**Student:** 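Dumping the structure here so I can ask a few things about it.
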Protein chains: 2
Amino acid sequence: MKRTRLEEEECPVARALDAIGDWWSLLIIRDAFDGMTRFGQFQKSLDISRGILATRLKHLVSVGVLATTPVGGFKEYRLTEKGRKLFLVVVSLRQWGEDHCFRKGEKRSALVETGSGRPIRRLELHAHDGDVLAPDATTVRKVAE
Amino acid sequence: MKRTRLEEEECPVARALDAIGDWWSLLIIRDAFDGMTRFGQFQKSLDISRGILATRLKHLVSVGVLATTPVGGFKEYRLTEKGRKLFLVVVSLRQWGEDHCFRKGEKRSALVETGSGRPIRRLELHAHDGDVLAPDATTVRKVAE
DNA sequence: GCAAATGGTTCGATTATCGAACTTAGTTCC
DNA sequence: GGAACTAAGTTCGATAATCGAACCATTTGC
């Protein structure tokens with residue numbers, strides 16, 4: 001397959017995808033947010049080949065999204081701070097999936113506030129002054145920093 | 001590669017990734033948000049094999065993220081309403097990439113409000129009552145609908 | 001200890017991607 | 001209107017990643 005590398009791209013979207021944009025990574029991260037930490041948990045949840053799971057976990061550790069701690073000889077995989085910051089990516093995917101990838105009446109899981117059990121709000125994009133922004137009200141601009 | 005299908009998954013994240021979770025799709029969608037509509041534009045921007053670009057475009061059309069309109073014999077690829085709703089996914093990836101995938105001093109592009117040129121706000125997750133929520137304050141719950 | 005489960009690696013077969021060549025259709029220019 | 005050029009999309013051989021099962025090591029259960 002010879003995956004094209006995007007590490008040197010100037011676009012933050014491309015760099016993010018370089019780290020977590022493959023087929024399985026975001027599902028592993030989703031499971032990690034759900035509290036999974038062990039190889040076998042991921043493997044069973046995702047029904048993924050063991051070999052490729054090992055590769056993916058190593059990659060996610062190497063880019064700093066997951067970290068391992070030895071627990072009784074084996075490893076535990078936990079989200080780092082960097083990894084936890086991916087929560088909004090997962091949530092935005094979830095909300096889009098809820099809206100557009102289910103037929104009426106189909107069962108689905110939902111994200112709720114732990115304490116109250118009430119659903120979380122929809123994500124919104126806000127301008128600097130706080131107004132809600134539509135996609136076509138934004139532009140990508142090159143900047144140096 | 002025999003990509004595993006996630007169409008029947010109960011999780012909205014999995015279904016979303018089934019539609020747009022491969023290596024190139026989100027980059028194509030990003031470019032579409034930047035105004036690209038033609039095969040050659042995508043091809044030059046992404047430096048992607050023509051064959052795989054054609055496959056990806058067909059897939060994105062088949063899942064309803066892009067739509068084609070014939071223009072002078074060729075096709076134009078434009079985001080559908082469903083596709084435009086992916087904007088928050090792209091933005092969340094971008095913000096994460098900005099925060100975690102650049103070294104200090106590196107050039108990067110930025111997303112700004114078209115009129116004022118001012119940067120957009122960071123995305124935040126809000127509880128039902130409006131409070132900002134941390135990831136560990138949420139739980140995935142199975143629900144029927 | 002022994003059996004069963006878990007963690008992880010290895011390997012052959014399959015499948016997707018790459019990159020370039022090729023085909024077809026539009027565009028430009030005179 | 002014809003030649004040269006560009007752009008869109010397909011095809012194909014080589015390569016690389018995924019799959020799935022087998023295999024070994026370590027741990028846990030009894």
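So that the names make sense, note that chain A is the first sequence line, chain B the second, and so on, each numbered from 1. As the structure is a prediction and not an experimental result, all values here were calculated from the model.
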**Student:** In whole angstrom, give the distance that lies between atom CD of A:Gln43 and atom C1' of C:dA5.
**Tutor:** 13 Å
**Student:** Taking OP1 and OP2 of D:dT18, is either one under 4.0 Å from a side-chain nitrogen or oxygen of A:Arg56?
**Tutor:** yes
**Student:** What's the CE-P distance between A:Met36 and C:dG7, to the nearest Å?
**Tutor:** 12 Å
**Student:** Enumerate the residue pairs fulfilling salt bridge (Lys or Arg N to Asp or Glu O under 4.0 Å) with a member in residues 57-77 of chain A, sequence neighbours excluded, ordered by first and then second residue.
**Tutor:** A:Glu76-A:Arg78
**Student:** Please state how far atom CG in A:Asp47 lies from atom P in D:dT18, giving the value in whole angstrom units.
**Tutor:** 16 Å
**Student:** Of all residues at least two apart in sequence or in a different chain, which pass the salt bridge (charged side-chain N to carboxylate O under 4.0 Å, His left out) check with A:Lys85?
**Tutor:** A:Glu81
**Student:** Between C:dT17 atom C1' and B:Ile28 atom CD1, what is the distance in whole Å?
**Tutor:** 13 Å
**Student:** Taking only side-chain N and O atoms of A:Trp24, does any of them lie within less than 4.0 angstrom of OP1 or OP2 on D:dC19?
**Tutor:** yes
**Student:** Rounded to whole angstroms, how far apart are CD on A:Glu76 and C1' on D:dT27?
**Tutor:** 15 Å
**Student:** Could you give me the CA-CA distance, side-chain angles and deciding distance for A:Phe33 and A:Phe87, then say whether ring pair (Phe, Tyr, Trp, His ring centres under 6.0 Å) is met?
**Tutor:** CA-CA 8 Å; A:Phe33 275 118; A:Phe87 194 62; 4.9 Å; yes
**Student:** Just by distance, no angles: are the side chains of B:His126 and A:Arg121 close enough, under 3.5 Å, to form a donor-acceptor pair?
**Tutor:** no
**Student:** Between P on D:dC19 and CG on A:Leu53, what's the gap in Å once rounded to a whole number?
**Tutor:** 10 Å
**Student:** Quick one: bend of the helix from C:dG1-D:dC30 to C:dC30-D:dG1 from 5 pairs per end, to 10°?
**Tutor:** 40°
**Student:** Output one letter per nucleotide in nucleotides 7-12 of chain D: B when a protein non-hydrogen atom lies under 4.0 Å from the base, S when only the sugar-phosphate is that close, - when neither is.
**Tutor:** SBBB--
**Student:** Rounded to whole angstroms, how far apart are CD1 on A:Ile52 and C1' on C:dG8?
**Tutor:** 14 Å
**Student:** Of all residues at least two apart in sequence or in a different chain, which pass the side chain to side chain donor-acceptor pair (under 3.5 Å) check with A:Thr55?
**Tutor:** none
**Student:** Only counting residues at least two apart or in another chain, list the ones meeting side chain to side chain donor-acceptor pair (under 3.5 Å) with B:Arg122.
**Tutor:** B:Asp99
